[in-house]
Asks: 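One structure is given below, represented as structure tokens, and several questions about it will come after.
Naming: A, B, ... by sequence-line order, numbering from 1 per chain. The structure displayed is predicted, hence computed values, not measured ones.
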Number of protein chains: 2
Amino acid sequence: MQQLDALTSLKRTFRRGEYLYRCGENFHSLFAIRTGFFKTQVLHEDGREQVTGFQMPGEIIGLDAISSDVHTCDAVALEDSEICEIPFDRLETLSRELPSLQRHLHKIMSREIVRDQGIMMLLGSMRAEERLAAFLLNLSQRFSARGYSPTSFYLRMTRQEIGSYLGLKLETVSRTFSHFQENGLLNVRVREVEIMDMLRLRSFVSHT
Amino acid sequence: MQQLDALTSLKRTFRRGEYLYRCGENFHSLFAIRTGFFKTQVLHEDGREQVTGFQMPGEIIGLDAISSDVHTCDAVALEDSEICEIPFDRLETLSRELPSLQRHLHKIMSREIVRDQGIMMLLGSMRAEERLAAFLLNLSQRFSARGYSPTSFYLRMTRQEIGSYLGLKLETVSRTFSHFQENGLLNVRVREVEIMDMLRLRSFVSHT
DNA sequence: CATGGTTTTTGACCTATATCAAACGTATTT
DNA sequence: AAATACGTTTGATATAGGTCAAAAACCATG
């Protein structure tokens, strides 16, 4: 336990807009988010961006870099945030001694793979309304798991970032929010979302 | 080394169409493909399917199941195949003793995460022609790495499976193949592909 | 607390891809 | 070798979402 504490003792803060790491930088640590909100994105050479995830407190960021010892995406703070750095070689060493830590690390990496599968499903075979509904339900569930309201929350990201994540243009995201509001599924005032009819929103995504 | 051999000594063969595992089954082993070709897919309750990957010899399958000890997708043989089973608890035990094996496992899992990021990019921000070009170049590179021709290969999957993987309908896949052929980028005769102009095909995907 | 820049909303129009349908090839079974 | 099922190609048409544009709302800064 002391060893684990020592492992996660390096803390750092980031202002909104600051980069935790950039694509191409050398990898030596994973990062656990303590407070705040991040996005990860891949930039295409022609300027197109793809947001690959939004990360909240308790989540681990940087797993993609293990494969080649180089970061393969950018991680950007969407609000003032605090992270703790986990030097990866020390994590590996320690996880050889602590089977439960080893198991935990494997589960975290596997969970990331499962999450990515879900996004493939979303991008590959869902329509705009289904994508946005799935996105909001996912946020809701994660806020809920952290003790916040599952129905009422503040979006840290722009319409354009949501769109990039969901494979939609920002106008489509905006319109879909408006449709949802017209249909009484939720109230939106820009970044403030209140889910009014969770069940009907769910029926959008797993529509039998 | 002997230990490693013992670890991978369980071999099994699968006929085309057979399931290596199904979504919902309990997890206990990873699988290394020795010969053949597999696809992994997630099925939505309403019948929609999403192909999440095509796997070739040397690749490891089943990583998604570590997170919850249950398989989260189906794995289906696309041709007669041979796999070797790797009991995961024994792999974990052994990787505590062999740092290089531990490192290797982490890289494999991370590589899967990076691969998924690439697919997100593809599904989220590329057009049909770019997607198919990226898909063919990826196959080409992987065949090449296994000592096969990078320009001439046989597709083990149907147009519909390619479409599902790329977030396109099978007709669109078929038409895009035809366009590529009309433009002298490649020759297709159903499942047989010959890339004629690799450079121009590349320029489709990373088009500056 | 006014100002300039960014983000969001909404409208009108357009296009890439989906859908529907039919014909044609190619494999598998008997 | 014929019959049958399955996969592929191609055409005609429809539509979801993209593009372009302008106004409105928001917010960060001096």
Asks: Classify the nucleic acid contact of A:Arg131 as base, sugar-phosphate or nothing, counting any heavy atom under 4.0 Å across all strands shown.
Replies: nothing

Asks: Can you tell me if the side-chain N/O atoms of A:Thr158 get under 4.0 Å from OP1 or OP2 in C:dT6?
Replies: no

Asks: To the nearest angstrom, how far is B:Leu155 atom CG from D:dT8 atom C1'?
Replies: 13 Å

Asks: In whole angstrom, what separates B:Gln160's CD from C:dT19's C1'?
Replies: 15 Å

Asks: In terms of side-chain geometry, is the basic nitrogen of A:Lys107 or B:Asp69 positioned less than 4.0 Å from the acidic oxygen of its partner?
Replies: yes

Asks: With the side chain of A:Glu171 defined as its heavy atoms from C-beta on, choose the nearest nucleotide among D:dT9, C:dT17, D:dT19.
Replies: D:dT19

Asks: Taking the nucleotide of DNA chain D with the closest heavy atom to each, which residue, A:Lys169 or A:Val190, is nearer the 5' end?
Replies: A:Lys169

Asks: List the steps and the verdict of side-chain contact (heavy atoms from CB on, under 4.5 Å) for A:Arg156 and A:Lys39.
Replies: CA-CA 10 Å; A:Arg156 272 73 173 180; A:Lys39 69 167 174 180; over 6 Å; no

Asks: Just how far, in rounded Å, is P of D:dA16 from CG of A:Leu132?
Replies: 17 Å

Asks: Just checking B:Ser174: base, sugar-phosphate only, or nothing, at a heavy-atom cut-off of under 4.0 Å?
Replies: base

Asks: Going by an N to O cut-off under 4.0 Å, is there a salt bridge joining B:Arg142 and B:Glu59?
Replies: yes

Asks: Checking all strands, does A:Arg191 fall into the base, sugar-phosphate, or nothing category for heavy-atom contacts under 4.0 angstrom?
Replies: sugar-phosphate

Asks: For a quick check of understanding: with a heavy-atom distance under 4.0 Å over all strands, which category does A:Leu168 fall into, base, sugar-phosphate or nothing?
Replies: sugar-phosphate

Asks: How close or far is atom C1' of C:dA16 from atom CD of B:Glu129, stated in whole angstroms?
Replies: 10 Å

Asks: Nearest whole angstrom, please: distance from the P of C:dA27 to the CD of B:Glu79.
Replies: 14 Å

Asks: Less than 4.0 Å between a side-chain N and a carboxylate O, is that true for B:Glu192 and B:Arg189?
Replies: no

Asks: Of the candidate nucleotides D:dT10, C:dT17, C:dT10, which contains the atom at the shortest distance from the side chain of B:Arg127?
Replies: C:dT17

Asks: Expressed in angstrom and rounded to an integer, what is the separation of B:Arg156 atom CZ from D:dG7 atom P?
Replies: 17 Å

Asks: Does a distance-only test, which skips hydrogens and angles, find a donor-acceptor pair under 3.5 Å between the side chain of B:Arg175 and the base of C:dT19?
Replies: yes

Asks: In whole angstrom, give the distance that lies between atom CD1 of B:Ile162 and atom P of D:dT8.
Replies: 8 Å

Asks: Thinking salt bridges, do B:Glu85 and B:Arg12 make one under a 4.0 Å N-O criterion?
Replies: yes

Asks: Which part of the nucleic acid, if any, lies within contact of B:Gly163, taking any heavy atom under 4.0 Å across all strands shown: a base, the sugar-phosphate backbone alone, or nothing?
Replies: nothing

Asks: Counting just side-chain N and O atoms, does B:Arg189 come under 4.0 Å of either OP1 or OP2 of D:dT9?
Replies: no

Asks: To the nearest Å, give me how far apart CZ (A:Phe204) and P (D:dA16) are.
Replies: 13 Å

Asks: Please tell me if B:Thr172 has a side-chain N or O lying less than 4.0 Å from either OP1 or OP2 of C:dT17.
Replies: no

